[in-house]
Novice: 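Quick one: the structure is below, and I'll ask about it shortly.
In the text below, chain A, chain B and the rest are named by the order of the sequence lines, each starting its count at 1.
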Amino acid sequence: VSPVITLTTDFGTSDGYVAQMKGVILSIKPDATIVDVTHEIEPFSILDGALVLKGVSRFYGQGTIHVAVVDPGVGGSRRGIVTMAEGQFYVGPDNGLFSLILASATSSEAREIRNAELTLPDPHPTFHGRDVLAPVAAHLAAGASFKVVGPVVEDPVTLAIDQPKRLEHSLEGEVIYIDRFGNLTTNIEAGMLPEPVDTVEMGKVRIRGLSTFFDQVPDKEALALINSFGFLEIAVNRGNASRQFGMERGARVRVHFKAR
Amino acid sequence: VSPVITLTTDFGTSDGYVAQMKGVILSIKPDATIVDVTHEIEPFSILDGALVLKGVSRFYGQGTIHVAVVDPGVGGSRRGIVTMAEGQFYVGPDNGLFSLILASATSSEAREIRNAELTLPDPHPTFHGRDVLAPVAAHLAAGASFKVVGPVVEDPVTLAIDQPKRLEHSLEGEVIYIDRFGNLTTNIEAGMLPEPVDTVEMGKVRIRGLSTFFDQVPDKEALALINSFGFLEIAVNRGNASRQFGMERGARVRVHFKAR
Amino acid sequence: VSPVITLTTDFGTSDGYVAQMKGVILSIKPDATIVDVTHEIEPFSILDGALVLKGVSRFYGQGTIHVAVVDPGVGGSRRGIVTMAEGQFYVGPDNGLFSLILASATSSEAREIRNAELTLPDPHPTFHGRDVLAPVAAHLAAGASFKVVGPVVEDPVTLAIDQPKRLEHSLEGEVIYIDRFGNLTTNIEAGMLPEPVDTVEMGKVRIRGLSTFFDQVPDKEALALINSFGFLEIAVNRGNASRQFGMERGARVRVHFKAR
């Protein structure tokens with residue numbers, strides 16, 4: 001079976017741009033298995049792309065090739081790269097899209113895309129996703145060696161998530177991602193909560209303790225839980241927390257620990 | 001050829017949740033053929049999911065495995081089930097999602113998902129779609145027997161569509177589904193209209209007789225027809241009936257039969 | 001490897017209509033490779049469908065079968081056709097959807113779909129996409145000869161893009177397509193700009209010269225470039241030109257050439 005190629009972009013699905021990329025891939029590797037991760041990344045939101053990709057990658061096997069294109073700097077001086085981490089490949093612009101993958105990888109190597117034999121001739125300056133990244137991914141799926149992509153990049157661009165602030169009996173973080181249900185993902189990871197949680201506060205919202213699943217609180221009430229990404233999340237049972245509380249990305253969230 | 005696995009969810013396509021499910025499926029059954037039915041079911045709208053799935057299933061062959069996840073009760077006491085009906089499998093929460101399939105099936109059997117060998121270890125309490133339902137579907141596609149899923153469920157949850165009210169010379173129903181074109185599907189099935197239709201009324205809209213296709217009336221005019229789901233539908237030629245008439249789900253529709 | 005079947009429709013992805021088509025295709029040709037071009041064509045916008053399809057087709061290989069359904073006249077007198085152009089097949093209503101493909105093809109032939117062995121029995125009058133076009137495409141993918149589709153159509157319906165007006169030192173065109181980024185594609189093709197461009201004007205927006213990529217101008221500033229479709233495009237670096245300037249389809253654009 002051919003390795004899986006996944007696609008993560010901010011292209012939307014209305015204009016055929018993604019299908020152009022798929023045509024390029026299938027012309028090089030006709031039996032490729034292509035999976036759309038999403039094409040609804042908010043335009044130019046590199047951090048969103050990085051978070052979604054991080055959430056997805058651990059469910060894919062060795063040899064999977066992830067193409068990600070959130071690329072406001074396309075055509076300029078930013079490099080195109082392939083990063084290998086934990087046996088999977090990440091093909092995209094060198095703008096931080098893969099830095100959450102790299103942050104948790106035990107080993108990785110990045111190479112700059114320089115080998116013109118792996119790309120389409122005369123790439124259009126505004127569409128490297130189609131003319132550079134897609135064909136590189138297809139050639140890797142078809143068996144091209146990672147080494148022939150180009151020279152090693154020692155300093156790939158990284159993008160950091162702001163870390164929560166540790167206070168004496170509390171932790172102050174923020175909302176970094178809002179999903180389609182309006183659930184609010186914070187930058188507080190499960191491992192940052194070693195002590196029992198007393199309350200979670202966000203604006204005027206005050207939640208006692210952590211829940212495990214949504215239906216543990218009544219309909220339309222707020223709860224906090226560790227979500228499937230491994231982060232603290234504020235949600236509303238059978239509702240939309242973002243809309244109900246008027247909260248956007250960047251909203252401050254404070255976790256109070258129980259006094260011992 | 002591997003059996004088809006279809007996916008019907010309210011997950012949207014922006015967050016990578018569906019791609020996480022696909023990664024799980026492809027890790028178990030790398031040559032699976034996966035078809036997205038939709039991920040745009042309105043969040044938590046079990047009836048919408050049931051209707052869309054019912055519309056789709058008859059176009060798929062024996063052995064197809066349909067995974068459906070509209071699951072507000074995830075993590076709580078609701079069961080996960082696999083239902084076999086007319087030679088196809090339906091994998092999802094036991095909350096009524098499959099009850100329209102069951103209502104028209106000549107024979108069916110439901111089993112509760114209890115076999116931990118078919119699911120991921122330590123399923124996350126808010127994402128059974130990924131950790132329980134997707135792997136069960138993949139194992140069925142890979143040849144696992146329906147019997148090993150778990151014990152038979154005698155009383156799967158059912159969800160009924162309100163039936164139209166039969167009056168002397170008319171039938172009173174309601175709008176149960178609105179599609180992307182704004183076409184209004186009612187709960188009046190073709191078989192409930194044995195007599196010639198005189199008029200169809202909805203609010204101030206009055207339509208004479210039934211049409212067969214849209215262009216039988218002038219642009220932007222209303223018509224009524226039996227749609228491709230087999231239900232009476234009110235539409236506007238080259239327009240959007242829901243918007244033009246301000247009609248939502250639940251709107252009352254009355255069919256008057258011709259006097260004999 | 002089975003030929004690729006692509007799908008371009010205005011069906012949206014919420015109602016399962018596309019999945020019904022895929023079920024039909026997979027029942028006839030179980031190993032078909034199906035690619036979604038888009039299902040977000042604005043309802044009934046034949047020209048949008050034609051443009052998107054034109055952008056996509058050159059990235060697909062010989063034998064590819066493109067199904068396109070933007071079909072307000074479904075069920076009426078409009079014909080269903082298969083057009084062969086440059087070794088690819090186009091299956092859809094005869095309403096101009098393929099006319100941009102035809103306009104640039106060196107040779108082509110269209111045939112009317114008349115062979116009932118290639119379609120589902122009793123096609124529903126409002127869903128030929130599923131009952132006529134999808135099965136024809138699947139049969140072609142499975143090896144049916146183009147000739148058996150039906151008789152040659154000598155006069156397929158064509159749809160023209162308004163041509164820009166050539167003035168003495170300028171060219172006056174208009175916006176014909178707006179993509180998800182709000183980039184404005186005009187009807188001015190690269191080949192219509194043989195002389196150096198001095199300024200591009202649209203309403204109060206005045207852009208000096210052409211750029212090659214977005215980052216050549218500061219953030220939120222306008223630029224003009226030849227886009228990946230080969231047309232003159234007005235865009236905003238890391239912004240949305242349509243929203244920023246309040247411009248819709250049909251907006252007038254004037255290109256002034258440099259005096260020699």
Side-chain angles (χ1 to χ4, degrees), chain A residues 2 5 7 9-36 38-46 69-78 80 93 95 120 122-132 134-135 138 142 180, chain C residues 1-4 6-8 10 12-13 31 33-42 45 48-49 51-64 66 88 177-183 185 211-217 219 223 225-230 233 235-240:
Chain A
S2 176
I5 297 175
L7 306 178
T9 78
D10 63 355
F11 291 168
T13 53
S14 53
D15 307 306
Y17 297 142
V18 173
Q20 293 179 26
M21 292 177 65
K22 290 181 182 175
V24 170
I25 291 169
L26 292 169
S27 296
I28 293 167
K29 179 68 174 150
D31 64 340
T33 299
I34 304 175
V35 173
D36 297 296
T38 181
H39 303 292
E40 308 302 330
I41 298 293
E42 189 174 310
F44 323 130
S45 290
I46 296 167
V69 199
V70 182
D71 193 10
V74 63
S77 60
R78 70 105 189 93
N95 62 12
L120 297 197
D122 299 318
H124 192 278
T126 67
F127 202 174
H128 283 197
R130 180 189 72 196
D131 297 347
V132 175
R180 102 136 334 190
Chain C
V1 177
S2 176
V4 174
T6 82
L7 305 179
T8 303
D10 62 355
T13 53
D31 64 339
T33 298
I34 304 175
V35 173
D36 297 296
V37 171
T38 179
H39 303 292
E40 308 301 332
I41 298 294
E42 190 175 312
S45 291
D48 276 9
L51 282 162
V52 168
L53 198 57
K54 174 83 168 77
V56 161
S57 65
R58 70 184 168 104
F59 297 99
Y60 285 81
Q62 296 279 315
T64 299
H66 302 279
Q88 300 187 46
Y177 189 80
I178 302 178
D179 76 4
R180 103 139 330 192
F181 296 97
N183 296 334
T185 293
S211 296
T212 309
F213 57 92
F214 304 112
D215 254 2
Q216 282 177 307
V217 304
D219 273 21
L223 69 155
L225 49 68
I226 301 301
N227 69 15
S228 63
F229 290 98
E233 170 180 300
V236 162
N237 186 26
R238 302 182 193 225
N240 184 305

Novice: Per the side chain to side chain donor-acceptor pair (under 3.5 Å) rule, which among A/Arg130, A/His124, A/His128 passes with A/Thr126?
Specialist: A/His124
Novice: How many angstroms lie between atom CD of A/Gln20 and atom OH of C/Tyr60, to the nearest 0.5 angstrom?
Specialist: 8.5 Å
Novice: With the threshold set at 4.0 Å, does a side-chain nitrogen-carboxylate oxygen contact exist between A/Asp15 and C/Arg180?
Specialist: no
Novice: Based on non-hydrogen pairs under 4.5 Å, which of A/Pro125, A/Gly76, A/Pro72 is most in contact with chain C?
Specialist: A/Pro72
Novice: Going by the rule side chain to side chain contact (heavy atoms under 4.5 Å, CB included), which residues pair with A/Ala138 if we only count those two or more places apart in sequence or in a different chain?
Specialist: A/Ile25, A/Ile28, A/Lys29
Novice: Name the region of C/Leu225, side chain, backbone, both or neither, that has any atom closer than 4.5 Å to a heavy atom of chain A.
Specialist: side chain
Novice: Which bit of A/Tyr17 comes within less than 4.5 Å of chain C, counting heavy atoms only: side chain, backbone, both or neither?
Specialist: side chain
Novice: By a 4.5 Å heavy-atom criterion (distance strictly below it), what part of A/Val18 contacts chain C: side chain, backbone, both, or neither?
Specialist: neither
Novice: Tell me, for A/Thr13 versus chain C, whether the close heavy atoms (under 4.5 Å) come from the side chain, the backbone, both or neither.
Specialist: both
Novice: Look at C/Val37, C/Asp215, C/Asp179 and state which one has the largest set of heavy-atom pairs under 4.5 Å with chain A.
Specialist: C/Asp179
Novice: Going by side chain to side chain donor-acceptor pair (under 3.5 Å), name the residues that satisfy it together with C/His39, two or more places apart in sequence or in a different chain.
Specialist: C/Thr9, C/Asp36
Novice: Look only at the side chain of C/Asp48 and the backbone of C/Ile41, and say whether a donor-acceptor pair between them is shorter than 3.5 Å.
Specialist: no
Novice: Counting only heavy atoms closer than 4.5 Å, note whether C/Val56 contacts chain A via side chain, backbone, both or neither.
Specialist: both
Novice: Identify which of C/Ser2, C/Ser228, C/Gly61 forms the greatest number of heavy-atom pairs closer than 4.5 Å to chain A.
Specialist: C/Ser228
